[in-house]
Amino acid sequence: MHQRLIMALVSAALFMEILDGTIITTALPSMARSFHTSPVALDIGVSAYLLTVGVFVPASGWVADRFGARRVFAAAIALFTVASALCAMAPGPTSFVCLRILQGLGGALMVPVGRLVVMRLTPREKLVETLAALIWPALIAPVIGPPLGGLITQSFGWRWIFYFNVPLGAVALAGCLWLIPDVREVVRRFDRLGFALSSVGLFALQIGLERLPRHADALALGLSIVGLILVVLTVRHMRRVAHPLIDLAAWRVASFRMASRGGSIMRIAINAGPFLLPLMLQEGYGFSAFHAGMFVLMLFVGDLTMKAFVTRILRRFGHRPVLIPTGFACAASLLAMAFITPAVPLWLIAIILVVHGMIRSLEFTSLTTLAFADVDRAALNDASTFFNTTMLLSGAAAITVAAMAVHAGSALLRFPAMAPLAGPGAEYRIAFAIVALVALLGTIDAFRLPHGAGNTLTQ
């Protein structure tokens, strides 16, 4: 019972942190009116939160060991809750953005530390069920965030998006102080150079990726390249120093390497789907935002449906036999979404979206459980920190890849040979085909997995 309560607490914290990354997107027009500015000017409120989370996640493992997981988790929840209340009371756009940064700092420490506590306390034979339960917030929160934000804004006003976090945060803080043990490992010296390299690199890379879809200019490209170079230098630095910010020993484990490398490519493709679908329905076919959002929620139905079966599937077949066909099925279901038009019967659209939701749920869970299946307990802290960082980067890259795929589709339609594909939504249909190819690329690493990889969890 105690373990289940901890799981519920960490899952709720994860859901709250991811939800706050996207929930204000539909509230931006209302917020802009109250601040007497434009929605575009407030878009930085979304970016500032996500950037702060990405910059500070690499240090979360060291902070947890230095100050203790219970203390850090409680402080992160308190900071997130207080920052949420202050965001709701923000008098202007500048103060709002500053408070979103503070909220992002709380989120950056809250979720990785909570997940780490769960993995350290969970027996290895129960790790599949535990990690599977921690996956659903990451799948559901980005999907329901925008429509939920719109509903709250319409019913109560945008400030209540943040006020609702206050009682939830208070309950979570009380639960943390009651349930979470003071888990910590031996503290190594803080890697200042590693943190500086990773912070600047991740910051530049995320800004570049965020800017590229809207302004494919020299600044966006330069930031992306500089960020990528600094991230590569960070990895080289961490492999050479005696006390790195993140020990990369887990990278030598084939299952962890595949889940981090090929899994990141697959997550880019999967996360691009919920971004492309509402755009195609609204911009391509003239659907309202509400109806487009309802179609996206069908993915959520698939996620929940698969949640009941994923553990049994992995225990029955193992990771490699699941990941290979699931990768192809994911690519096929993304391609099938390209054929969604107003002429397609509603029941068929529902089948396509629910099936894709089931496939992506199985894929996400398989990759996450595989990542930690063969990693030693002593290396869990660093492995979890590194994996969380790659997940954040793949989420940012997904939006960029999706938007660039739409631009590529528009460019391809200028060629006479592509004339048969022209028509409403054509550039989005091509974009879905491109994203499906990305999913196929992410499947390649699954073929390199040793037979029996991850069997320590599924046998």
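Summarising the geometry of C87 relative to L99, their closest heavy-atom pair is SG-CB, 3.6 Å, with the distance given to 0.1 Å. In plain terms, the two heavy atoms of L449 and R320 that are nearest each other are O-NE, 2.9 Å. Between L205 and S224, the shortest heavy-atom distance links the atoms CD1-O, 3.5 Å. Between A398 and N271 the shortest heavy-atom distance is CB-CB, 3.5 Å. Between I434 and A405, the closest heavy-atom pair is CD1-O, 3.8 Å. R267 and M391 get closest at one heavy-atom pair: NE-CG, 3.9 Å.
Interatomic distance, CZ of F195 versus OG1 of T234, reported as 11.0 Å (0.5 Å rounding). Distance CG/L168 to CG/L173: 12.5 Å, rounded to 0.5 Å. In this structure, the separation between OG on S361 and CD1 on I270 is 9.5 Å, given to the nearest 0.5 Å. Rounded to the nearest 0.5 Å, atoms CE (M306) and CD1 (I359) are 8.0 Å apart. To the nearest 0.5 Å, the span separating CG on L370 from CZ on R257 amounts to 11.0 Å. The line from CG of L334 to NE2 of H356 is 4.5 Å long, rounded to the nearest 0.5 Å.
Contact check for R261 versus W251: side-chain heavy atoms found under the 4.5 Å cut-off. Contact check for I444 versus I265: no side-chain heavy atoms found under the 4.5 Å cut-off. When side chains are defined from C-beta on, F432 counts as touching M280, because their heavy atoms get closer than 4.5 Å. The shortest distance between side-chain heavy atoms of M266 and C330 falls below 4.5 Å. Between L440 and F328 the shortest side-chain heavy-atom distance falls below 4.5 Å. Looking at T326 and S366, their side chains never come closer than 4.5 Å, going by heavy atoms from C-beta outward.
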side-chain contact (heavy atoms from CB on, under 4.5 Å) evaluation trace for Q103 with N165:
CA-CA 11 Å; Q103 191 186 30; N165 282 338; 3.8 Å; yes

side-chain contact (heavy atoms from CB on, under 4.5 Å) evaluation trace for L367 with M258:
CA-CA 8 Å; L367 289 169; M258 180 271 156; 3.9 Å; yes

What verdict does the side-chain contact (heavy atoms from CB on, under 4.5 Å) test give for M358 and D303, after you've listed the backbone C-alpha separation in whole Å, the side-chain angles of each residue and the deciding distance to 0.1 Å?
CA-CA 5 Å; M358 294 175 67; D303 294 334; over 6 Å; no

Take D445 and R448 through the test side-chain contact (heavy atoms from CB on, under 4.5 Å) and record every step on the way to the result.
CA-CA 5 Å; D445 259 350; R448 298 172 180 168; 3.1 Å; yes

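A tilted orientation is assigned to the rings of F256 and F387, their planes being inclined by 30° to 60°. A perpendicular orientation is assigned to the rings of F162 and F96, their planes being inclined by more than 60° (bins at 30° and 60°).
Surrounding CZ of F164 are more than 12 heavy atoms belonging to other residues, nucleotides or ligands, all under 6.0 Å away.
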